[in-house]
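Single-structure report; data block below.
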Amino acid sequence: MSTGANAALNKLRKKIFNRTVLRGTVSVCLCLALWELGRAFKLPLLEAMPAPSEIFGVIWKLVVDPKFWANWGASYQRVLVGFLAAQVVGIPLGLAMATSKAFYDISFSAFEIVRPIPPLAWVPISIIFWPTTESSIAFVIFLGAFFTVVINVLGGARNIDARFTRAAISLGSRPSDVFFKIVLPATLPSIFTGMAVGMGITWEVVVAAEMIAGKSGLGYLTWSSYVGGNYPQIVVGMMSIGIAGYLSSYAIRLLGRVCMPWLRIF
Amino acid sequence: MATSITPRPAPALPPALADLSFGARAWYRLRHQFTNPESLKSLLLGIGGVVLLILAWWLATELLKLPRFEKLPGPVAVWSEFVSRNPPFGTSVFTPEYYMHILWSTLRILVAFGIATVLGVPLGLFMGWNKAWKDYTFPILELLRPIPVLAWVPLAILMWSGREEPIIFLAFLASFFATVLNTLLGVESIDEVYFRAARCLGAKPRHIFFKVVVPGALPFIFTGLQIGMGVAWFSLVAAEMLSGEYGLGYLIWDSYVLSQYSVIVIAMVTLGLVGYLCSAAIRLVGRQLMRWSTRGEA
Amino acid sequence: MSELKGQISIRNVCKVYDPEGVNVCAVDNCSLEIAAGEFCMVVGPSGCGKTTLLNAIAGFHGISTGEIHLDGQLLCSADYTTPPAADRVVVFQNGALFPWYTVLENVTFGPVVQGVMTARQAKRAANDLLGELGLRDIAQSYPGELSSGMKRRVEIARALMNDPKVLLLDEPFRAMDALTKGVVHEFLLQVYDRMKKTIFFITHDLEEAMFLGSKVVIMTTRPCRVKHVIEVDLPRPRDFQTRSSSRYLQLKNQVVKAVHEEAKKAFEAGERELA
């Protein structure tokens with residue numbers, strides 16, 4: 001074996017078998033053991049929870065069930081629609097608020113009055129207003145991500161270093177150049193921060209909306225497992241939601257890395 | 001368009017005012033707001049924006065009765081319910097039930113947020129301070145964190161037998177994650193040079209903890225508490241909607257079920273206001289504890 | 001105080017870093033004697049490893065071979081490092097006043113955490129020291145409210161408060177404009193004339209080194225080695241007029257020649273600025 005490959009292998013070995021990973025593995029295993037034994041020994045709180053061993057039994061049944069995957073699809077569809085709508089409306093609005101003082105003055109206070117209302121408090125109004133359950137869920141999801149997106153875009157665009165815009169103007173930019181070549185790229189990091197936070201909220205809202213008013217989706221799966229008394233399946237539902245949410249955030253991070261090559265530090 | 005991009009800083013205080021009390025500074029800012037033509041214009045436009053919003057709401061729901069909007073409660077209906085001595089749906093500023101709901105929600109938040117702070121801040125501090133401690137705890141936190149708090153609802157009901165405990169648990173959980181992670185971030189953001197400076201001035205570990213780690217992480221801790229307060233309200237509403245006997249979230253859902261639509265809006269606005277006040281209180285405490293950073297900027 | 005303390009002897013010190021198997025030699029066989037109460041300036045191009053040497057004296061990290069002694073006592077060797085303590089206080093490159101404490105709280109930090117004074121005693125002593133150094137007016141200010149020159153003065157006061165044997169200064173005036181620098185230089189000279197502490201001062205600014213120091217040590221770049229040691233025999237107390245004396249100019253000429261060669265070598269080697 002060549003020395004280069006050897007060194008790379010050594011590096012990989014160092015990365016996997018170091019103290020941090022070892023400690024993490026130990027503590028996760030300890031927690032799993034506590035969880036399992038907690039059920040057996042009827043410890044407080046853990047007694048009523050389905051134990052890991054029961055959950056493993058359920059997982060294998062679920063992963064071969066197409067209905068389970070249909071729930072994934074339903075949740076993903078809702079997240080995608082609400083999230084994209086929030087981006088499409090929120091990003092231009094945030095940029096407009098940042099670039100025009102008059103528009104900022106007139107819209108920001110109204111925006112700030114509505115913003116502190118938690119998104120889920122909109123659920124009943126949304127159900128009353130929209131004709132179908134699906135559209136009302138989508139609206140609440142939209143709201144959840146919308147406020148975060150606007151605030152982040154606004155903050156990012158307002159905090160652009162004035163030197164950049166001045167440099168652009170002194171290099172002969174027209175206002176449209178300043179907007180597309182300075183403001184937009186300089187705001188991109190905040191846009192992606194807003195997206196990442198917004199995605200987190202979106203999943204929260206989707207799960208809650210599906211529990212309250214849904215007929216499909218991972219939130220509904222979790223809630224109906226509870227109602228139907230299939231407790232191990234609750235945990236599988238939670239794990240699925242966690243994984244699905246994580247994958248969505250990961251996709252955003254990946255997209256961010258592609259769109260912002262100048263932030264790549266390696 | 002381009003020129004308006006340059007940041008507009010808050011009106012700077014004259015140096016002599018920098019040492020004045022909080023009240024005097026607020027008074028100065030307020031006076032500036034009304035006497036400076038530029039700020040006055042912003043203020044008026046802001047008020048105009050809010051009026052416009054309410055006007056549009058009124059036009060759509062009550063005057064023009066646009067399709068679909070007609071079903072929503074309009075501002076006149078909401079207001080007349082809200083200030084009525086004998087409200088048709090039973091919720092106004094004169095009914096004790098209204099305050100009962102506010103009190104219940106606030107109490108739940110206080111308990112949940114309090115526990116989350118008492119547990120979360122020290123945990124975050126230790127995690128940032130001691131590598132081994134972080135190695136053991138961080139993976140568990142990272143495994144649990146991607147699960148939305150509201151996905152815990154059924155499990156919370158199973159784990160806790162009572163009616164109050166699951167609700168408080170959910171609000172706690174949301175707030176806890178935000179607090180721990182921001183505190184950890186805060187400790188990790190402290191420049192290494194401060195630890196070195198403290199060590200070469202003869203500080204022992206406990207001094208470094210209390211005199212460098214804690215104050216150094218304070219700005220991030222308060223960011224975490226702010227976020228924690230927001231998400232605590234967020235989860236509380238959902239939890240109260242799903243199971244609750246009192247509280248603003250319950251009031252919203254109950255009014256929906258009973259078709260008392262104007263009460264929904266009253267509860268929503270109240271929720272926004274109370275949530276905002278809670279965050280403002282945290283900001284105020286933070287500013288008092290971190291005079292070094294606010295005064296440095298002034 | 002009967003006799004001066006703070007004699008440092010650095011003997012054949014090497015420091016090798018080993019990040020990912022690539023040996024980087026930051027300091028190579030470096031020897032240096034600093035007498036008690038001497039104002040020693042260490043000059044070298046940015047990133048040459050001066051700071052590594054200072055960190056070893058301060059106790060922030062160990063060394064690979066050789067020994068460093070302070071007043072005849074072993075400070076560090078290949079297998080031993082004395083942890084940082086208040087007998088050798090560092091003033092850092094970008095400043096390390098705790099932003100969350102007032103000037104007075106910063107200055108009393110050392111004696112209070114060491115337990116050598118009660119909070120009240122420390123406060124009185126700090127007020128005396130600040131008064132002596134002309135800093136009393138800002139005792140209640142936070143560092144964020146001070147100018148960079150003021151901050152450095154406070155940081156030096158914070159170090160002096162511990163009555164250290166050695167003051168270690170790591171390019172403390174690096175990012176300052178010439179006028180501010182002039183004022184802080186005079187401040188430091190006054191402090192030195194009054195207290196006669198041993199000072200180990202790192203800089204890349206030759207003129208600064210000539211003006212302040214009794215001894216100027218010129219380092220080579222990567223690996224860091226002592227190239228020249230120049231005794232600066234300018235009379236003390238010095239002030240801004242010292243800079244225009246003929247002896248100063250003569251010495252400067254001599255030193256510039258020596259250093260230019262080294263700087264060029266570093267430049268051609270394409271060394272990145274690391275410090």
Side-chain angles (χ1 to χ4, degrees), chain A residues 19-20 23-24 26-28 31 45 48-49 98-102 105-110 113-114 116-125 127-129 131 158-160 162 165 169 175 178-179 183 203-204 207-208 211-212 219 222-223 225-226 231 234-235 237-238 241-243 245-246 249, chain B residues 1-2 4-8 41-42 45-50 52-53 68-69 71-72 132 135-140 143-144 146-155 157-161 233-235 237-238 241-242 248-249 252-253 255-256 261 264-265 267-269 271-273 275-276 279:
Chain A
R19 211 195 269 168
T20 304
R23 282 170 170 167
V26 166
S27 74
V28 169
C31 275
L45 298 184
M49 277 224 275
T99 43
S100 154
K101 171 136 172 65
D105 282 338
I106 204 161
S107 56
F108 191 65
S109 50
I113 284 181
V114 185
I117 301 172
L120 290 171
W122 289 89
V123 168
I125 286 284
I127 297 176
I128 297 166
F129 183 78
R158 270 165 75 88
N159 285 327
I160 295 172
T165 48
I169 292 167
V178 173
F179 183 80
V183 176
W203 273 101
E204 294 266 0
V207 169
M211 281 183 177
I212 297 171
T222 310
W223 186 249
S225 316
Y226 166 67
Y231 296 155
I234 296 177
V235 182
M238 285 171 70
I241 295 167
I243 294 169
Y246 182 82
S249 309
Chain B
M1 190 154 105
S4 65
I5 294 157
T6 50
R8 290 175 292 269
K41 197 180 129 206
S42 303
L45 276 173
I47 295 171
V50 177
L52 222 63
L53 181 74
R68 302 229 66 88
F69 278 98
K71 290 201 223 156
L72 298 178
D135 283 349
Y136 285 119
T137 47
F138 193 62
I140 299 170
L143 280 179
L144 292 180
I147 302 173
V149 173
L150 296 176
W152 284 84
V153 171
L155 210 56
I157 300 174
L158 284 182
M159 277 167 78
W160 304 89
S161 42
W233 275 105
F234 177 96
S235 336
V237 171
M241 280 173 133
L242 281 165
L248 291 165
I252 289 177
W253 190 249
S255 311
Y256 165 68
Y261 293 164
I264 298 180
V265 179
M268 282 169 69
V269 173
L271 203 52
L273 188 72
Y276 177 80
S279 303

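Per chain, numbering begins at 1; letters A, B, ... match sequence-line order. Model, not experiment: these values are computed from the prediction. As a basis for the values below, the full set of heavy atoms in this structure was taken, side chains included, without hydrogen atoms, waters or symmetry mates.
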Top of A:Gly245, A:Ser225, A:Ala121 for chain B proximity - count of heavy-atom pairs under 4.5 angstrom: A:Ala121
Residue B:Ile252 versus chain A: region with a heavy atom under 4.5 Å: both
Partner chain B: residue of A:Pro118, A:Pro124, A:Pro119, A:Pro116 with the largest heavy-atom pair count (under 4.5 Å): A:Pro124
Full working for side-chain contact (heavy atoms from CB on, under 4.5 Å) between A:Val123 and B:Tyr256: CA-CA 10 Å; A:Val123 168; B:Tyr256 165 68; over 6 Å; no
Taking every non-hydrogen atom, the tightest pair across A:Met211 and B:Pro154: CE-CD, 3.6 Å
Leading residue by heavy atom contact count with chain B [cutoff under 4.5 Å; candidates A:Ile113, A:Val28, A:Ile125]: A:Ile125
Closest non-hydrogen atom pair, A:Cys31 against B:Ile140: SG-CD1, 3.3 Å
Heavy-atom pair count under 4.5 Å with chain A, highest-scoring of B:Thr137, B:Leu72, B:Val265, B:Val269: B:Leu72
Any residue meeting salt bridge (charged side-chain N to carboxylate O under 4.0 Å, His left out) with A:Asp105, in chain and number order, not counting sequence neighbours: A:Lys101
Minimum-distance pair of heavy atoms, taken over all atoms of A:Ser109 and B:Gly46: OG-O, 2.7 Å
Option in A:Trp223, A:Phe108, A:Tyr246 with maximal non-hydrogen atom pairs under 4.5 Å from chain B: A:Trp223
Interface residue of largest heavy-atom contact number with chain A, from B:Leu143, B:Ile47, B:Leu155, under 4.5 Å: B:Leu155
Option in B:Trp253, B:Trp233, B:Phe138 with maximal non-hydrogen atom pairs under 4.5 Å from chain A: B:Trp253
Qualifying residues under side chain to side chain contact (heavy atoms under 4.5 Å, CB included), relative to B:Lys41, sequence neighbours excluded: B:Leu45
Residue among B:Leu273, B:Leu158, B:Ile147 with most heavy-atom pairs under 4.5 Å to chain A: B:Leu158
